[in-house]
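First comes the structure, then the notes that go with it.
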Amino acid sequence: MNFLSFTHPVLSCQEAKVLESSLLVDEAAEWTSMNIAGQGIAKQLVEDYAELRYPPECLRILALIGKGNNGADALIACGQLLADLPRARVDLILTLPSEELRPLTARALTQLEGRVEVHQVSEQSDVFEITQMLLDASGSEGFHICIDGLLGMAFSPPLSTPLTTLIEAVNKFEAIDLRASVDLPSGKGDGVEIGAMSFKADFTYATGIAKKPIFKGMAECGRIRYIDLGFFEAHQVEATQTKESILTSAVLDPIRCLRPADVDKRAFGHLFIVGGSAYMPGALLMAVQAAVRSGAGLVTAFAPASVASALAAQVPEAMWIPWPETRNGTLSPHAMPLLLDRIDAATALLVGPGMGKDRNTETLTQEIVEDVEIPILLDADALRVRVMEVVQKRKPHFGRIVLTPHMGEFKRIAKLSEINYSIELLLDFSNTYHVLTVLKGANTRICDGKSVIYNTQGGPVLSRGGSGDLLSGLIGGMIAQNSVCVPTAVARGIMLHGMSAQLLARAKGQIAVQTTQLLDYLPKVLRT
């Protein structure tokens with residue numbers, strides 16, 4: 001199955017507006033959609049807040065309400081939170097008199113009458129006055145959550161003075177644990193420059209359609225949560241032509257099924273891993289641990305001879321081949337026959353974790369790319385400029401090359417003078433080198449030269465050493481199991497990695513954890 005079948009389009013605000021108008025043909029359809037969105041936001045807010053601490057029953061919520069659909073979504077989310085947590089408190093800040101709200105927003109507000117505190121700001125309100133309002137409403141404890149429902153995709157710059165004042169005051173108000181925007185942060189939209197004044201969101205809840213502005217830069221809009229409203233079901237909307245899309249968890253569904261009864265380990269692929277060095281064995285160990293947990297039938301690791309036996313004792317499920325070393329403890333390119341003599345047994349090859357950066361490992365990687373026909377994943381120390389020159393000349397009938405750089409590594413192999421998250425650049429690079437690029441970051445981008453797929457699962461819990469090694473092991477294991485459709489296998493490994501990281505953060509927080517604890521949450525992702 002084409003991996004694009006597990007994605008939904010990312011559209012400009014104008015494109016999204018046109019599509020929504022064709023789907024939400026009357027007020028009833030619009031109201032139904034709003035309720036699904038609001039309930040989804042409420043559920044996601046509680047789950048995301050758990051990365052800080054367990055949400056208290058007396059949750060204190062601040063909601064900024066504009067006149068349009070985003071305001072209605074935020075109000076419905078507040079209503080759902082009050083239903084789920086009856087001791088919660090909600091304070092609303094309206095920017096317009098209630099009689100000037102759009103009909104469905106007014107309807108959502110009416111449903112909250114008597115259950116919320118309503119505050120009004122005017123065109124004359126200044127930052128000091130709004131700050132005092134926030135202090136009076138929150139008392140000495142502040143707010144647990146702030147929901148931004150001021151502006152939607154119809155916004156065109158500049159911000160009005162009253163909205164600028166309100167957003168500035170709330171952005172500066174420190175006593176808020178988590179800040180969330182509905183659809184996109186107020187102040188963002190088509191044609192808005194990176195760094196322009198906007199609500200500073202920790203999370204953006206993209207409802208129905210993920211809009212392009214929220215993916216600009218690295219994480220201008222905080223972490224992105226996609227709330228599917230069913231707009232892209234086959235019976236509703238034909239495939240929308242776009243170069244950008246968002247990956248959904250449906251990519252994991254095919255491996256959430258029972259395996260056939262009449263299979264053995266060889267049916268689930270054999271991953272070879274080449275990496276490690278005498279002074280950096282841990283990266284290889286983590287990649288092997290993840291590969292073993294990926295579901296691959298067999299894993300063989302080629303490790304520096306001085307550490308191979310110690311590593312084998314920690315992961316006995318893998319087969320370990322000691323590899324002769326150079327004087328500085330890296331893998332010797334003269335030992336290539338160790339790999340080539342066995343390569344016919346492999347269905348995929350991972351190269352790079354902990355391998356070290358010297359001329360020996362560079363030569364070894366170049367020879368592997370030139371001689372090995374099966375799909376190859378190049379990670380970490382295998383991502384070198386001279387290696388990319390060989391990648392570009394790889395025989396067209398050989399298996400796919402997959403690269404997994406973070407931005408620093410991408411900057412090096414793409415020969416960039418500065419950091420650049422441009423979609424056009426990523427497309428051009430992947431097309432020029434005929435590779436599948438996994439550009440790791442706050443929103444990991446998967447690019448095959450024709451399209452870019454965003455994965456938004458994961459988060460700051462992955463900002464620690466070893467996260468990339470676990471990812472490469474999972475992706476490598478997935479490719480070994482499905483080397484026919486490499487992009488789908490890659491997307492599957494990325495989604496499994498990201499969703500497991502989120503479960504780890506929700507259970508234990510973002511900080512006091514170990515990278516390898518992520519592996520303990522893989523089963524829950526697949527069994528949920």
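This one's a predicted model, so the numbers in the text were calculated from it and none came from an experiment.
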*Please, which pairs that meet salt bridge (charged side-chain N to carboxylate O under 4.0 Å, His left out) have at least one residue in residues 198-220, sequence neighbours excluded?*
D183-K211, K188-E220, K212-E244
*How many angstroms lie between CZ in R445 and OG1 in T437, if you round to the nearest 0.5 Å?*
12.5 Å
_Of all pairs that satisfy side chain to side chain donor-acceptor pair (under 3.5 Å), the ones with a partner from residues 300-316, not counting sequence neighbours_ = H270-T300, S306-E325
*Of all residues at least two apart in sequence or in a different chain, which pass the side-chain hydrogen bond (donor to acceptor under 3.5 Å, both in side chains) check with S181?*
D148
*Using the side-chain contact (heavy atoms from CB on, under 4.5 Å) rule, pick out the option among M336, R342, H334 that qualifies with L338.*
R342
*Does the cation-pi check pass for R259 over F268, that is, NZ or CZ under 6.0 Å from the six-membered ring centre and within 45° of its axis?*
yes
_Qualifying ring pair (Phe, Tyr, Trp, His ring centres under 6.0 Å) pairs with a residue from residues 346-400, counting only residues at least two apart or across chains_ = none
*Side-chain donor-acceptor contact under 3.5 Å, D379 with T404*: yes
*Are the ring centres of Y226 and Y454 closer than 6.0 Å?*
no
*Knowing that exactly one of V251, I453, N455 qualifies, which makes a side-chain contact (heavy atoms from CB on, under 4.5 Å) with I494?*
N455
*Restricting to pairs with a member in residues 266-278, which pass salt bridge (charged side-chain N to carboxylate O under 4.0 Å, His left out), not counting sequence neighbours?*
D264-R266
If you look only at distance, which donor and acceptor atoms sit under 3.5 Å apart when one is on a side chain in residues 504-518 and the other is two or more places apart or in another chain?
residue : atom : partner : partner atom : Å
R506    : NE   : E47     : O            : 3.4
R506    : NH2  : D48     : OD1          : 3.2
Q510    : NE2  : E51     : OE1          : 2.8
T515    : OG1  : G465    : O            : 2.7
Q517    : OE1  : Q514    : N            : 2.6

